[in-house]
There are 2 protein chains.
Amino acid sequence: MESDAQLLNAVAIVLRKLREERNFSQEYLAAEADLSRSMIDKIERRKRLPSLPVLIKIAGAFGMSASELVKRIEIDLNK
Amino acid sequence: MESDAQLLNAVAIVLRKLREERNFSQEYLAAEADLSRSMIDKIERRKRLPSLPVLIKIAGAFGMSASELVKRIEIDLNK
DNA sequence: TTGTAGACTAATGTCGACG
DNA sequence: CCGTCGACATTAGTCTACA
């Protein structure tokens, strides 16, 4: 099953890293991405996996493309 | 909302194109990606948007990375 | 500012069937 | 081989509240 746990982990780590690099609060990021803070929080705590539209929104909030964001997740997955 | 309809459309088009390029049947692709044929069918007919794990599985079945697959979707979105 | 959680709605994904 | 669909289970995502 290639373990969703690993994926949850990678997404959480990448998201938090990007957010902290930019000194974004969860609330600010949520507003920029047009998401609830609850969602950001849950992704970072590995309680939820973002859907494709959410990935795109988050990538947009970070000023990058969704494929770039996914690439970072894949890189983290292979560690 | 950046319209989910456009996204549904782009994903459907990219998936079908890749599948037909490789002469994969829906059933074969579903087996390779460890998904139901129903899911492949629904994505191609814009009834469902794939989640991140599903995107990764489909990309794997096509022998490409998820970021590469997402990139193709983004390219199609910008047309 | 973040972690946590409950209750809820919406969407995803499966199985099985039929044409 | 594909389009379609209903019933169902699972997961994503929101809102609210509290430490």
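Here is how names work: the chains are called A, B, and so on, in the same order as the sequence lines, proteins then strands, and each is numbered from 1.
- Going from atom CG of A:Asp4 over to atom P of D:dT11 covers 8 Å, rounded to whole Å.
- Listed by chain and residue number, nothing satisfies the side chain to side chain donor-acceptor pair (under 3.5 Å) test with B:Arg48 (two or more places apart in sequence, or in another chain).
- At whole-Å resolution of the value, CD in A:Glu44 and P in C:dT2 are 8 Å apart.
- Here the CG atom belonging to B:Leu69 is positioned 8.0 Å from the OG atom belonging to B:Ser65, to the nearest 0.5 angstrom.
- Of the residues in residues 11-19 of chain A, those lying under 4.0 Å from DNA chain C by heavy-atom distance are A:Arg16, A:Arg19.
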key: CA sep, side-chain torsions, deciding dist, call: B:Glu44, B:Arg19, salt bridge (charged side-chain N to carboxylate O under 4.0 Å, His left out)   = CA-CA 10 Å; B:Glu44 289 193 358; B:Arg19 189 173 65 80; 2.5 Å; yes

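- A:Pro53 and B:Leu49 get closest at one heavy-atom pair: CG-CD2, 3.6 Å.
- Atom CD of B:Glu68 is separated from atom CD1 of B:Ile73 by 10.5 Å, given to the nearest 0.5 angstrom.
- Taking the side chain to side chain donor-acceptor pair (under 3.5 Å) definition, one finds that B:Ser36 meets it with nothing, sequence neighbours left out.
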Which pairs, protein N/O on one side and nucleotides 13-19 of chain C N/O on the other, fall under 3.5 Å?
from, atom 1, to, atom 2, distance (Å)
C:dG13, OP1, B:Ser51, N, 3.1
C:dG13, OP1, B:Ser51, OG, 2.2
C:dG13, OP2, B:Leu49, O, 3.3
C:dG13, OP2, B:Ser51, N, 3.4
C:dG13, N7, B:Arg48, NE, 3.1
C:dG13, N7, B:Arg48, NH2, 3.2
C:dG13, O6, B:Arg48, NH2, 3.3
C:dT14, OP2, B:Ser36, N, 3.3
C:dT14, OP2, B:Ser36, OG, 2.7
C:dT14, O4, B:Lys42, NZ, 3.1
C:dC15, N4, B:Ser38, OG, 3.0

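- Atom CG in A:Asn23 sits 12.5 Å away from atom CG in A:Leu29 (nearest 0.5 Å).
- Here the C1' atom of nucleotide C:dA10 and the NZ atom of B:Lys47 are 16 Å apart, to the nearest Å.
- Not a single donor-acceptor pair under 3.5 Å links the side chain of B:Arg37 to the backbone N or O of B:Ala30.
- Across the protein-nucleic acid pair, A:Arg45 atom CZ and C:dT2 atom P stand 12 Å apart, rounded to whole Å.
- The stretch residues 20-27 of chain B comes close to DNA chain D through B:Ser25, B:Gln26, each having a heavy atom under 4.0 Å from the strand.
- Sorted by first and then second residue, the salt bridge (Lys or Arg N to Asp or Glu O under 4.0 Å) pairs involving residues 20-32 of chain A (not counting sequence neighbours) are A:Lys17-A:Glu21.
- Summarising the geometry of B:Lys57 relative to B:Leu35, their closest heavy-atom pair is CD-CD2, 4.1 Å, with the distance given to 0.1 Å.
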